[in-house]
A.B. asks: 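One structure is given below, represented as structure tokens, and several questions about it will come after.
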There are 2 protein chains.
Amino acid sequence: MTRADAALAGPGASAGDDQAGTSTRDRILDVAMDLFTDQGFDGTSMREIAERLHISKAAIYYHFASKEEILMALHMRLHDVGKAALARLAGQTVTLQAWGSLLNELLDQMVAQRKILLMHERNQAALEKLHRTDHDDDHGDIQQRFRQALANPSLSLRDRVRMACSVGAVFGGLLLAGDAFDNVSSAELGSLIRDAVRDLVADSSAPDAG
Amino acid sequence: MTRADAALAGPGASAGDDQAGTSTRDRILDVAMDLFTDQGFDGTSMREIAERLHISKAAIYYHFASKEEILMALHMRLHDVGKAALARLAGQTVTLQAWGSLLNELLDQMVAQRKILLMHERNQAALEKLHRTDHDDDHGDIQQRFRQALANPSLSLRDRVRMACSVGAVFGGLLLAGDAFDNVSSAELGSLIRDAVRDLVADSSAPDAG
DNA sequence: GTCTATATAGGGATAGAC
DNA sequence: GTCTATCCCTATATAGAC
């Protein structure tokens, strides 16, 4: 019996660490995150992960039952962050203003987690497949909820487009620049993006769209 | 000898078509675009593409020498669009205002090409590998130029972040909503995104950042 | 906890008939 | 221009020794 069998049940701590990694498990996750981001999930083999850590392929299977379980563990690192915030929105209609303040609250965490955010953005296909396979998870997926809000017919089209644009703006500021903003402090980058988002969700009254 | 040998030399017309596809070659590209978007490049096999078209795997190899050549052909569909516009920026420093008007010009085309834009966003890893392999192309890559502009030290950090955010906003408005905006006309969606971008690049004078 | 095999499957690509 | 059949490689995952 391997550790991987119990891995799904109790994740323990280690979720928030970034440099982390005294444990082999965390080091596997860190390396996998980098490789999945650069080469994609399908473009990365267990052999590559093992080689970079100077361990064997089978050693990884001691910690994770499958390659997909590695991806799932990485997904959970991010998912837990937005979970609480998104729960607040359950049931109620999300206005543009509410959206802005939610984004405002989440921004610091998004800046901190931008590496894993990038991994998500670049592995949408693999992550969707994961969600289709494991439909035993009761987690209302974040993206799904997000799209529900954007489809809400009680909001004006203008506001819904603004909501989508504002999230895109955050992603753009964090991820689109490549390494151009790597030397910028998280606080400063967060502050600048915050200002930009504010301009997008500030209601200068809807002009014509309904 | 197969057609695939000549495919790299002369692409012919067919680049701008969207529903297109009387020719087998175009139908292959259309199907591949959808599958690459949904399942990822690596997650899609030649067998799947062939099956959906009710032709054989080998039939595809008559039109394309490799799977990567299909991806490259799709890449070119989008690349040609931004090429001309980006050429204007060569050499000169790109201000936030110039960035805004460039984006403004490109927006209609981006709306029209949003399907292929989404395919690009979701297959970054495969596309980068493509560019690493084929370094015989003289095309200054779009993303590369874009990141150069964002790294330009003669611009304030604030403006550079705004530039990244504004592009992200366009992507967000076009792609992040899933199918929520599918029923919206291109003209209206474009107009709403345009307004959002204007708010981001409008200079209300830089506050403190340098 | 980590190793060396190995089973098994699937993918990309080619050959050659029609 | 499309087919069938096949080659070859790499990947995931497992078995079992240490």
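In the text below, chain A, chain B and the rest are named by the order of the sequence lines, each starting its count at 1.
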A.B. asks: Which residue pairs satisfy the ring-ring contact (aromatic ring centres under 6.0 Å, His included) criterion with at least one member in residues 144-193 of chain A, sequence neighbours excluded?
C.D. replies: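 Qualifying pairs: W99(A)-F146(A).
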A.B. asks: To the nearest Å, how far apart are Y61(B) OH and dA15(C) P?
C.D. replies: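 From Y61(B) OH to dA15(C) P: 13 Å.
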A.B. asks: Using whole Å, what does the distance between atom C1' of nucleotide dT12(D) and atom CZ of F64(A) come to?
C.D. replies: 16 Å
A.B. asks: List, with names and distances, any nitrogen or oxygen atoms from the protein found under 3.5 Å away from nitrogen or oxygen atoms belonging to nucleotides 2-9 of chain D.
C.D. replies:
| from | atom 1 | to | atom 2 | distance (Å) |
| --- | --- | --- | --- | --- |
| dT2(D) | OP1 | T24(B) | OG1 | 3.1 |
| dT2(D) | OP2 | H63(B) | NE2 | 3.1 |
| dC3(D) | OP2 | S56(B) | N | 2.2 |
| dC3(D) | OP2 | S56(B) | OG | 2.8 |

A.B. asks: For the pair S23(A) and D26(A), evaluate side-chain hydrogen bond (donor to acceptor under 3.5 Å, both in side chains) and give the outcome as yes or no after the intermediate values.
C.D. replies: CA-CA 5 Å; S23(A) 75; D26(A) 283 335; 3.2 Å; yes
A.B. asks: Just jot down the side-chain hydrogen bond (donor to acceptor under 3.5 Å, both in side chains) partners of E68(A), sequence neighbours excluded, or say none.
C.D. replies: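 E68(A) satisfies side-chain hydrogen bond (donor to acceptor under 3.5 Å, both in side chains) with no residue once adjacent residues are dropped.
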A.B. asks: Excluding sequence neighbours, so at least two apart, what forms side-chain hydrogen bond (donor to acceptor under 3.5 Å, both in side chains) with S185(A)?
C.D. replies: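 S185(A) satisfies side-chain hydrogen bond (donor to acceptor under 3.5 Å, both in side chains) with no other residue.
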A.B. asks: Figure out the NZ/P separation between K67(B) and dT14(C), and round it to whole Å.
C.D. replies: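 Spelled out: NZ on K67(B) to P on dT14(C) is 15 Å.
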A.B. asks: What parts of residues 38-53 of chain B reach DNA chain C, counting only heavy atoms under 4.0 Å away?
C.D. replies: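 Contacting residues: T44(B), S45(B), M46(B), R47(B).
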A.B. asks: How would you list, by chain and number, every residue that makes a side chain to side chain contact (heavy atoms under 4.5 Å, CB included) with E105(B), sequence neighbours excluded?
C.D. replies: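 E105(B) satisfies side chain to side chain contact (heavy atoms under 4.5 Å, CB included) with R88(B) only.
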A.B. asks: V81(A): what forms a side chain to side chain contact (heavy atoms under 4.5 Å, CB included) with it, not counting sequence neighbours?
C.D. replies: Q109(A), Q113(A)
A.B. asks: Can you list the residues that meet the side chain to side chain contact (heavy atoms under 4.5 Å, CB included) rule with S186(A), with sequence neighbours excluded?
C.D. replies: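 V111(A).
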A.B. asks: Taking side chain to side chain contact (heavy atoms under 4.5 Å, CB included) as the definition, give me every residue that meets it alongside A59(B), ordered by chain and number, with sequence neighbours left out.
C.D. replies: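 If we apply the side chain to side chain contact (heavy atoms under 4.5 Å, CB included) test to A59(B), skipping adjacent residues, the hits are I55(B), S56(B).
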